[in-house]
There are 2 protein chains.
Amino acid sequence: MSKAEKIYKEYLKRTGGRDTQQKRTIITELSKLRSHFDIEDFINEIRKKDSKGSRATVYRVMKGLLKEGFIQKITTNDGKVYYEHNFTNKHHDHIICNSCGKIFEIESDRIENYINEYCETIGFKPEYRSLHIYGTCSDCL
Amino acid sequence: MSKAEKIYKEYLKRTGGRDTQQKRTIITELSKLRSHFDIEDFINEIRKKDSKGSRATVYRVMKGLLKEGFIQKITTNDGKVYYEHNFTNKHHDHIICNSCGKIFEIESDRIENYINEYCETIGFKPEYRSLHIYGTCSDCL
DNA sequence: ATACATGCAAATGGTTTGCAATACG
DNA sequence: CGTATTGCAAACCATTTGCATGTAT
C-alpha cells in the first residue's frame, strides 16, 4: 500500500466518511507535493486528473485534513495563503523574510522535544504545530 | 511618557507616517488589551472613544503593526481570527485545543534562545514569531 | 498649499454553504 | 433504498481599495 493510500485510509478512519474517488484523488495528488503550495494551483492540478474536480470538495477535504493535522495553512505577512502537508511525519517550521518573501524550511528536533516536554507538564496532548519566524534574510540584510 | 505613547512613537518612526489622532487612539486602546482579541470587538471599543472610527483605518494601522511585528494574527482551526499585541516584549506562544477551542498562552525562553541561535547560523535576523501548538487539552482528554 | 490620512461604501479574495443531482454502503 | 458526498453558484466574512473629503506638515 502506497504512502498516499495509507494516509487516505487513516483520513477516512478519523473522519468517518465514505470512500470516494474525489477524496482519494485529492489526497493522492497532495502526497506528491513536497513543499508549500497555492490552493488555486492545486485545484488546477486536480482538474487534470478529474476534469470536474470542484473547489468546494477540495476545501471540504482540506478542512478535514487540517482538523486532523495532516496539513497546515500558512498565511504570509502580505496575506498570501499557502497550504502544506506533513505526510512524512517530519514536521518542519518556517522562516519567512519580510523583505523578499522567501520561505526557508527547517526541521528542529530541539523545538519538537521541548514542546513535547512542556505539553506533558500541563497535560496537553500536542498533535501538530505551526511555527513561523519572520525577519530579514541574509540576502536582504 | 506612557508605554502606549512609546509604542506609538516607535510605530510612527518605523512606518514613516503622519501623527494623527486616529492612530494614537488605536494604539492606545490596543495597549490596554492583555490577551488575544476579536477585531470586531476592538473596532466597537474604538468607536466608544472616537464615534466615527472606521474599520478601514483600524485595518490600515493593523497592517503596519503586523508588518513591524508589534502585533500578530492568530487563525484558529475553525477559521476564527484573533489579533494580539506584544507591546510588553514578552512574546508568548499559543497552545490551542482543537476540541474546545480554549487558548493557553505560554512564554518560553528556551524556544526564544533556540530560535536566536539557529537564525544566527544562517544569517537571518528574526524579528518576531508565531508559534501555535494544536492538540487536545487535559479537560477534553 | 499639498501630500498623506480618513471614512464610507463598494470590491476583493479566500472559504463556506444551500440545493439538486449523484454515488456509496 | 436511504443517506452522505459532489458540483455548481450564490453567499459569506475578513480585509482591501477607490474616491471624495479632511488634516498634518
Side-chain angles (χ1 to χ4, degrees), chain A residues 8-9 11-30 36-68 71-84 130, chain B residues 8-9 11-30 36-68 71-84 130:
Chain A
Y8 179 57
K9 286 284 180 344
Y11 168 79
L12 280 188
K13 191 162 67 178
R14 294 210 215 160
T15 59
R18 287 180 180 175
D19 179 357
T20 72
Q21 192 50 54
Q22 287 89 333
K23 288 177 188 170
R24 189 185 304 269
T25 302
I26 290 167
I27 289 174
T28 304
E29 290 308 306
L30 203 45
H36 47 279
F37 59 92
D38 173 79
I39 200 148
E40 211 55 31
D41 294 347
F42 181 64
I43 290 170
N44 290 331
E45 211 50 46
I46 292 291
R47 284 186 172 148
K48 289 184 192 162
K49 303 284 167 181
D50 173 6
S51 53
K52 55 181 166 143
S54 91
R55 199 183 317 284
T57 301
V58 169
Y59 275 107
R60 282 189 273 240
V61 174
M62 289 305 191
K63 196 171 189 179
L65 289 167
L66 268 173
K67 188 159 186 206
E68 294 302 327
I71 63 173
Q72 58 178 310
K73 187 177 166 181
I74 308 172
T75 305
T76 62
N77 231 32
D78 56 356
K80 277 211 224 35
V81 176
Y82 296 102
Y83 286 83
E84 172 174 273
S130 139
Chain B
Y8 180 57
K9 285 285 181 342
Y11 168 80
L12 280 188
K13 190 160 67 177
R14 295 210 216 159
T15 58
R18 287 180 179 174
D19 179 358
T20 71
Q21 192 50 54
Q22 286 90 332
K23 290 177 187 168
R24 189 185 303 270
T25 302
I26 289 168
I27 289 176
T28 304
E29 290 309 305
L30 203 45
H36 48 278
F37 59 91
D38 173 81
I39 201 149
E40 211 54 33
D41 295 346
F42 181 64
I43 290 169
N44 290 331
E45 210 50 46
I46 291 291
R47 285 185 171 147
K48 289 185 192 161
K49 303 285 167 177
D50 173 5
S51 53
K52 56 183 163 139
S54 92
R55 199 183 318 281
T57 300
V58 169
Y59 274 108
R60 282 189 272 241
V61 174
M62 289 305 190
K63 197 171 190 179
L65 289 168
L66 268 173
K67 188 159 187 207
E68 295 303 326
I71 64 174
Q72 59 179 311
K73 188 176 164 180
I74 308 172
T75 305
T76 62
N77 232 32
D78 56 354
K80 279 211 221 44
V81 176
Y82 296 102
Y83 286 83
E84 172 175 274
S130 139

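Lettering of chains follows the sequences in order, A, B, ..., and the numbering in each one begins at 1.
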Enquirer: Of all heavy-atom pairs between B/Arg47 and B/Ser54, which one has the smallest distance, and what is that distance?
Expert: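 Taking every non-hydrogen atom into account, NH2-CA, 4.2 Å.
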Enquirer: Which nucleotide in the set C/dG25, D/dT16, C/dT15 lies at the smallest distance from any side-chain heavy atom of A/Tyr59?
Expert: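 So the nucleotide nearest the side chain must be C/dT15.
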Enquirer: Just by protein heavy atoms under 4.0 Å, how would nucleotides 5-11 of chain C read 5' to 3' in B, S and -?
Expert: SBBB---
Enquirer: Atom CE of A/Met62 to atom P of C/dT15: distance rounded to whole Å?
Expert: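 Rounded to whole Å, this separation is 9 Å.
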Enquirer: Could you state the atom-to-atom distance from NZ of B/Lys73 to C1' of C/dG14 in whole Å?
Expert: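 Rounded to the whole Å, the gap is 11 Å.
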Enquirer: Scan residues 15-27 of chain B for pairs that pass salt bridge (charged side-chain N to carboxylate O under 4.0 Å, His left out), counting only residues two or more places apart or in two chains.
Expert: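 Checked against salt bridge (charged side-chain N to carboxylate O under 4.0 Å, His left out) - neighbours excluded - the pairs reaching residues 15-27 of chain B are B/Glu5-B/Arg24, B/Asp19-B/Arg24.
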Enquirer: Roughly, in whole Å, what's the span from CG in B/Asp41 to P in D/dC13?
Expert: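 Answer to the nearest Å: 15 Å.
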Enquirer: What closest approach, in Å, do A/Leu66 and A/Tyr83 show between heavy atoms, and which atom pair accounts for it?
Expert: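 For A/Leu66 versus A/Tyr83, the nearest heavy atoms are CD1-CE2, 4.2 Å.
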Enquirer: Find the distance between NZ (A/Lys67) and CZ (A/Arg14) and round it off to the nearest 0.5 Å.
Expert: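 Atom-to-atom, A/Lys67:NZ and A/Arg14:CZ are 12.0 Å apart.
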Enquirer: Starting at atom CZ of A/Arg55, determine the distance to atom P of D/dC12, rounded to an integer number of angstrom.
Expert: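 Interatomic distance, CZ of A/Arg55 to P of D/dC12: 18 Å.
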Enquirer: Does C/dG14 have its OP1 or OP2 closer than 4.0 Å to a side-chain nitrogen or oxygen of A/Tyr82?
Expert: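 So the side chain of A/Tyr82 is outside the cut-off, no N or O lying under 4.0 Å from OP1 or OP2 of C/dG14.
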Enquirer: Within this structure, what is the CD1-to-P distance between A/Ile46 and D/dG7, rounded to whole angstrom?
Expert: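 Interatomic distance, CD1 of A/Ile46 to P of D/dG7: 10 Å.
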Enquirer: Just how far, in rounded Å, is P of C/dT15 from NZ of A/Lys80?
Expert: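 From A/Lys80 NZ to C/dT15 P: 14 Å.
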Enquirer: For B/Leu30 and B/Phe42, work out which heavy atoms get closest and say how close.
Expert: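 What the structure gives for the nearest pair is N-CE1, 3.8 Å.
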Enquirer: Aromatic rings A/His36 and A/Tyr82: how do their planes relate, parallel, tilted or perpendicular, breaks at 30° and 60°?
Expert: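 Ring orientation, 0 to 90° scale: perpendicular.
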Enquirer: Taking NZ from B/Lys63 and C1' from C/dT12, how many angstroms apart are they, rounded to a whole number?
Expert: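 So the two atoms are 12 Å apart, to the nearest Å.
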Enquirer: Given atom CG of B/Leu12 and atom P of D/dA24, what is their separation to the nearest angstrom?
Expert: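 The answer, rounded to whole Å, is 13 Å.
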